[in-house]
Amino acid sequence: DQQVKQNSPSLSVQEGRISILNCDYTNSMFDYFLWYKKYPAEGPTFLISISSIKDKNEDGRFTVFLNKSAKHLSLHIVPSQPGDSAVYFCAATSGSARQLTFGSGTQLTVLP
Amino acid sequence: DAGVIQSPRHEVTEMGQEVTLRCKPISGHDYLFWYRQTMMRGLELLIYFNNNVPIDDSGMPEDRFSAKMPNASFSTLKIQPSEPRDSAVYFCASREGQGRAGQFFGPGTRLTVL
């Protein structure tokens with residue numbers, strides 16, 4: 001039973017345009033969400049996070065939006081750059097738990 | 001400052017052999033996690049430690065898998081005997097206990113069991 005779902009395995013975007021990556025979750029106990037980026041042959045690297053008490057968090061070109069009622073979050077990248085091409089993982093955690101539950105990932109390709 | 005270090009980066013072995021994967025967490029981090037990434041199951045948590053003590057090993061698939069953390073700077077994940085379905089990329093990650101900051105991942109070990 002997947003508690004964190006990324007339904008789009010891949011996304012292609014033109015350089016300079018906005019990339020929107022989506023993530024849905026089912027466990028209402030999740031109260032903290034993270035996005036990781038992964039390049040081939042490397043481990044995932046932390047990108048941005050958001051607490052459930054917020055609905056938006058911004059860091060440079062990256063913004064994460066959280067819609068608790070819909071159990072949905074999204075990552076916006078504006079403007080997209082070719083170096084952003086990677087697999088993006090959504091992850092969630094709850095309470096004092098230290099473990100992360102990951103989605104299956106979305107391969108983003110930014111075309112020059 | 002070195003990140004999480006894993007060795008070996010690649011391991012090819014034959015079915016039935018013992019495999020040992022190694023991890024050195026970031027100094028000062030008191031949580032250590034072992035993950036496995038496969039096409040079928042994605043990135044899944046196998047086990048995690050706090051202050052060298054295993055806290056949750058519910059993700060360990062079978063008794064063939066075992067993990068240890070003898071001290072704060074070293075952990076091993078052992079598979080004995082290995083099977084072809086164990087082929088995957090194994091990641092180690094660490095984090096500092098306070099706050100909700102993300103975990104820091106190592107580069108992974110790509111295991112192939114023939």
May I ask you to check whether Tyr32(A) and Ser94(A) show a side-chain donor-acceptor distance below 3.5 Å?
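Per modelled atom types, Tyr32(A) and Ser94(A) side chains form no pair under 3.5 Å.
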Going by atom types only, do Thr26(A) and Asp24(A) share a side-chain donor-acceptor pair under 3.5 Å?
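Per modelled atom types, Thr26(A) and Asp24(A) side chains form no pair under 3.5 Å.
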Considering only Ile, Leu, Val, Met, Phe, Trp and Tyr, and joining two whenever side-chain heavy atoms are under 4.5 Å apart, list the other residues clustered with Val78(A).
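Taking Ile, Leu, Val, Met, Phe, Trp and Tyr as members, Val78(A) shares its hydrophobic cluster with Ile18(A), Ile20(A).
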Under the ring-ring contact (aromatic ring centres under 6.0 Å, His included) definition, can you give me all pairs with a residue in residues 72-91 of chain A, not counting sequence neighbours?
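Of all non-adjacent pairs touching residues 72-91 of chain A, those that pass ring-ring contact (aromatic ring centres under 6.0 Å, His included) are Phe65(A)-His76(A).
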Side chain, backbone, both or neither of Leu100(A) within contact of chain B (heavy atoms, under 4.5 Å)
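For Leu100(A), the contact with chain B is made by backbone and side chain together.
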Step through it carefully: locate the ring centre of Tyr36(A), locate the ring centre of Phe102(A), and say whether they are under 6.0 Å apart.
yes
Against chain A, label Asn50(B) side chain, backbone, both or neither, depending on which of its atoms sit under 4.5 Å from a heavy atom there.
neither
Could you tell me which portion of Arg110(B) (side chain, backbone, both or neither) has an atom closer than 4.5 angstrom to a non-hydrogen atom of chain A?
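No part of Arg110(B) comes within 4.5 Å of chain A.
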Highest number of heavy-atom pairs under 4.5 Å with chain A: which of Gly59(B), Pro107(B), Ala93(B)?
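Going by pairs under 4.5 Å, I would pick Pro107(B).
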So does Arg17(A) have more than 12 non-hydrogen atoms from other groups sitting under 6.0 Å from CZ?
no
Please set out all donor-acceptor pairs under 3.5 angstrom arising from side-chain atoms of residues 14-24 of chain B, sequence neighbours excluded.
| from | atom 1 | to | atom 2 | distance (Å) |
| --- | --- | --- | --- | --- |
| Arg22(B) | NH1 | Thr20(B) | O | 3.4 |

Is the side chain of Ser82(B) donor-acceptor paired with the backbone N or O of Val113(B) at a distance under 3.5 Å, no angle test?
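Answer holds: no.
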Report, in residue-number order, which members of residues 33-44 of chain B are under 4.5 Å from chain A by heavy-atom distance.
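Contacts with chain A: Phe33(B), Tyr35(B), Gln37(B), Leu43(B).
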